[in-house]
Amino acid sequence: MSDTTQLVQLSAAEQAAAIKSGDTSSRELVEAHLAVIEAAEPQINAFLQVSGDEALAQADAFDAKQAKGETEGLPELAGVPIAIKDMIVTKGIVTTAASKILEGWVPPYDATVIEKLKAAGMPLLGKTNLDEFAQGSSTEHSAYGPTHNPWDTTRVPGGSGGGSASAVASFEAPLALGTDTGGSIRQPGSLTGTVGVKPTYGGVSRFGAIAMASSLDQIGPVARTVLDSALLQEVIGGYDERDSTSIPMPVPPMAAAAREGAKRDLHGVKVGLIKELGGDGYQPGVQARFEEAVQLLQDMGAEVVEVSCPRLEYALGAYYIIMPSEVSSNLARYDGMRYGLRIMPADGVPQTAANMMAATREAGFGDEVKRRIILGTYALSAGYYDAWYGSAQKVRTLVIEDFNKAFEQVDVLVSPTSPSTAFKLGEKMDDPLAMYMNDIATIPANLAGTPAMSIPAGLSDDGLPVGFQLIAPQKRDDLLYKPAAALEAALEERWNGPIWRSMNASWLKNLAK
Ligand code: GLN
């Protein structure tokens, strides 16, 4: 194995430690990941944009600082590179949300999370692929071609953040950022065997996150280990006055919780099994891995009880009214006037602003985005607003009540992350409802604003990764990390190492030759 393949298979925390001990440098890490990106991209297509020159310049700046002893006080992950979902704006680097309507758009500012990464000395490797405007569960709705799952390149990596998940799973990046509106960090995590977290709503600034459905959107970490995810969430979390929904509270002690969890003692932790998520409709291999994981939690001393959240049954329905309503409003800004694509009306059509807008939106948006704009516009229209949007908001309150009640009994709720393992490319493209069903277990946490995480729970009978979901009360993201890290450690023993070891990463082998 060459140095490159060894380096990229270290966790982000290990890469950071290797920088500190002088075994490697930020530049060496960036170069190693750029080499993997070059080798893997023909098969994976996780990146829409690789910003290699910028990343090397950032790495050199960090290494120079380090040489002068000026990196004291920086976060633990200082110097470790990261990939960014193309739903988050990056100053000077093209940002498209995987839509034709933003083709070539160069943002004049950085999102708050990007400012924080830069301040931490973390080089940005590039922008990752997604379903257009984060709308989908397979990354097939990208205007720039689908991302492939590194476990089996004929399969989807999940979505919308399939690019970030595949980049981390394939060792193109040690870490990534995603956005999660209904599961777009956790469901790809589940399908690619990576860790993904949707933080508490308001726990991480949304300033500079391209808006999909503002009351549901959250930026969060994508990683290969629970500790890496905790360290990253601590870098990006915290109050931001530029986001009106940001919560003024200290960042929860997540890395400490993950380190505590690694000791594998869960006495005093109360875990609630959500009765309504799992069982019928879930792939047998998914259900089996879920039940084994619950047993492991119990073996480590956790008290496990079944809890009922009866109104979760209506969560998917409520989401598919509230989300498109907000989408229809948020995406009204792409009108050919302000930024991105502009298409003039065809010859013979009056050259009015309205006709230009119509032509631009017709050419610039894909089918799924149009479907949601139409649905949302309908749900918000006079005469239908109370019946659709108003009712959905009431259901949302009931979901929140169910969670509140459950959290009176337990510290953390658990369920499978997604009903199935990675499906074949093309399999669900003609059936929007089948696609929407992927999010049945992830959406409730978005509706309730609670933090939630997916960690790999092993492989199903088909040899593909299965995700295990944990949900904690609002503002208690730290409560996710202790049981998650404990479970990760126990599963590592059960599977003789991290599950990514069983992935056939052919591009790494080619690199080592
Ligand atoms: N897959 C879900 C959807 O299509 C969630 C998307 C997301 O979290 N951005 O809406």
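Read the numbers this way: they start at 1 and go in the same order the structure lists the ligands and their atoms. Both backbone and side-chain heavy atoms feed into the values below; hydrogens, waters and symmetry mates do not.
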Quick check on contacts: which atoms of ligand 1 are under 4.0 angstrom from a heavy atom of [X]?
{"X": "Met212", "answer": "9 (N), 10 (O)"}
{"X": "Gly136", "answer": "1 (N), 2 (C), 3 (C), 4 (O)"}
{"X": "Gly182", "answer": "5 (C), 7 (C), 8 (O)"}
{"X": "Ser160", "answer": "9 (N)"}
{"X": "Asp180", "answer": "8 (O)"}

Salt-bridge present ([X], [Y]; N to O < 4.0 Å):
{"X": "Glu115", "Y": "Lys118", "answer": "no"}
{"X": "Asp110", "Y": "Lys91", "answer": "no"}
{"X": "Glu276", "Y": "Arg311", "answer": "no"}
{"X": "Asp478", "Y": "Arg476", "answer": "yes"}

Requested in this report: For Tyr320 and ligand 1, answer yes if some heavy atom of the residue is under 4.0 Å from a ligand atom, otherwise no.
Outcome: yes
Query raised in the report: Can Arg372 be said to touch ligand 1, with heavy atoms closer than 4.0 Å?
Result: yes
Using a 3.5 Å cut-off on N or O atoms only, is [X] in polar contact with ligand 1?
{"X": "Gln135", "answer": "no"}
{"X": "Met323", "answer": "no"}
{"X": "Ala134", "answer": "yes"}

Query - Nearest protein heavy atom with distance in Å, relative to atom 10 (O) of ligand 1 - result: Tyr319 OH, 2.6 Å
Requested in this report: Please report which non-hydrogen protein atom sits nearest to atom 6 (C) of ligand 1, along with the residue it belongs to and the distance in Å to one decimal place.
Outcome: Ser184 OG, 2.8 Å
Report summary line: With heavy atoms and a 4.0 Å threshold, my read on which part of Met435 contacts ligand 1 is neither
Query - Under-4.0 Å heavy-atom contact with ligand 1, by part of Asp439 that carries it - result: side chain
With under 30° as parallel and over 60° as perpendicular, where do the rings of [X] and [Y] fit, or are they tilted in between?
{"X": "Tyr334", "Y": "Phe365", "value": "perpendicular"}
{"X": "Tyr109", "Y": "Phe207", "value": "tilted"}
{"X": "Tyr389", "Y": "Tyr385", "value": "tilted"}

Report task. Would you kindly say whether Ser160 and Lys85 are connected by a side-chain donor-acceptor distance under 3.5 Å? Result -> yes
Query raised in the report: Any donor-acceptor pair under 3.5 Å linking the side chain of Gln469 with the backbone of Ser415?
Result: no
